[in-house]
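The structure displayed is predicted, hence computed values, not measured ones. Order of listing sets the numbers, starting from 1, for every ligand and every atom in it.
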Amino acid sequence: MNDHPSSSSQTPRVNPLWGGRFSAGPAQAMEQINASIDFDKRLYAQDIAGSKAHCAMLVAKEIISRQDGEAISSGLDAIQREIENGTFVFEHALEDIHMNIESRLAERIGDAAGRLHTARSRNDQVATDLRLWLRDAIDSIDASTKDLQRSLLARAEDHVATVMPGFTHLQVAQPVTFGHHIMAYVEMFGRDRERFADCRKRVNVSPLGAGALAGTSFPIDRAMTAKELGFSSACANSMDGVSDRDFVVEFLSGAAICISHMARLAEEIVLWSSDQFGFVSLAEEFTTGSSIMPQKRNPDGAELVRGKSGRVIGALVSLFVAMKALPLTYAKDMQEDKEPLFDSVDSLSLCIQVVTGMIESMTINTDRMAAAAEAGYSTATDLADWLVRSLGLPFREAHGIVGRVVRLAEERGCSLADLPLDDVRQIEPRLSSAAFDVLRVEDAVASRTSFGGTAPERVREAIAAARARYL
Ligand code: ARG
């Protein structure tokens, strides 16, 4: 009878890279929970770049021979080609990308491979790889967010004077222009890009050479590897270097904010494309049909962007919880940083593309927007402002008068402009026909010339300023 049912005859073999003091391999479940290769293989190019930089430094500092260094470096290049042409065999027993590559290097070049890990640990190695990977991801997200801003700016420019209702509480509030509404998102995505750019500064610091946690007794040159890998500097504390994942948490919080902005825009697109609003028609490429209702065209792209925001916010929470209260320095909990990060970068990148596509291809139904802007007494504030400006009334009093005018229009079932002047004068005898001039939505919009306001001339300026700032 076997006392340990988990250690069957199929038990995986001992890992050759660290198995010296072991007599038995891990349990099946242990191998499964331990292996990260299925997801961290995405770090292969960064891992090889980090190893080559480390190797060149070891040679320069005469820690390994030039000959071994050259064998290692060209062996790593060959492995990169194997991975890229699909012939590399990834093994669970070798746990992660670092050991898969090192083991293959030993197969290819023999004993010299064993010298690569001098003055290095997987702890500084994985932190280096992840920082390099995230730096590229940030650059690519920045470029596509910029494209999204460019598309929004183009649509805003075409619609600086297209009137639509502005909402508060999703109730018609005051008329605005579609261009102004779209420019609100250009600002949001501008802040998102600033957050990512700021985060990138803290990502771009090299932990390589921190070793397992304490540094090393070999005469390494951390500034040299940092420079070679394009980092701005080497991190100042080896213990911090191997245990810091703030840079991922920080990126994920920026990603969560960015995708929530996209989800707000997606939600507006869902509303706007409904029959009830009819403000926009989505292009067929970004809609789907129903398997039962032949007439349907559903805004699934927008809904999925809205839905995927949950994953990214969840990724932030999951890594935050994993990192909270971890004692220094490295612990395997930190291997759980990668999947949320990779998934968030993938989700965010895809959502940016989909939102950009929807914005570029949707039709703007200006008539429906204009009609909706007329509804809901959207220029009531303008009438109150007229009373303040022309009659010198305190705003509160003007508000009360216009409230009674709106109630009268509601009772009559007509718009403010259609109320007979005599009836309005019963409420406030000083109201003249000039007051009714301000009720046109185009005039209401044109009058809001304050900085950041919706007047077309201001929106034009805002577009020019945003182009200069963001593109
Ligand atoms: N696969 C590991 C990770 O992603 C690499 C570092 C392993 N370090 C260790 N001491 N076991 O975190």
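Scanning the protein heavy atoms around atom 5 (C) of ligand 1, the nearest turns out to be Asp96 OD2, 3.5 Å. From the protein, the heavy atom lying nearest to atom 11 (N) of ligand 1 is Arg122 NH2, 3.4 Å. The single protein non-hydrogen atom nearest to atom 6 (C) of ligand 1 is Tyr330 OH, 3.5 Å, given as residue, atom name and distance. Looking from atom 10 (N) of ligand 1 to the surrounding protein, the closest heavy atom is Asn123 OD1, 3.0 Å. Among protein heavy atoms, atom 1 (N) of ligand 1 sits closest to Gln335 OE1, 2.7 Å.
Salt-bridge annotation for Asp244 and Arg131: present, with a side-chain N of the basic residue lying under 4.0 Å from a carboxylate O of the acidic one.
A donor-acceptor distance shorter than 3.5 angstrom exists from the side chain of Ser347 to the backbone of Asp343, with no hydrogens or angles considered.
Applying the salt bridge (Lys or Arg N to Asp or Glu O under 4.0 Å) definition to pairs two or more places apart or across chains, those involving residues 138-148 are Asp139-Arg200, Asp142-Arg193, Asp147-Arg150.
Considering Phe167, Phe279, Trp272 as possible partners of His181, the one that fulfils the ring-ring contact (aromatic ring centres under 6.0 Å, His included) test is Trp272.
With sequence neighbours excluded, no residue forms a ring-ring contact (aromatic ring centres under 6.0 Å, His included) with Tyr185.
Checked against the 6.0 Å centroid threshold, Phe39 and Phe342 do not count as a close aromatic pair.
Contact annotation: for Lys338 versus ligand 1, heavy atoms closer than 4.0 Å belong to the side chain alone.
In the vicinity of Ser36, heavy-atom distances shorter than 4.0 Å reach the ligand 1 atoms 1 (N).
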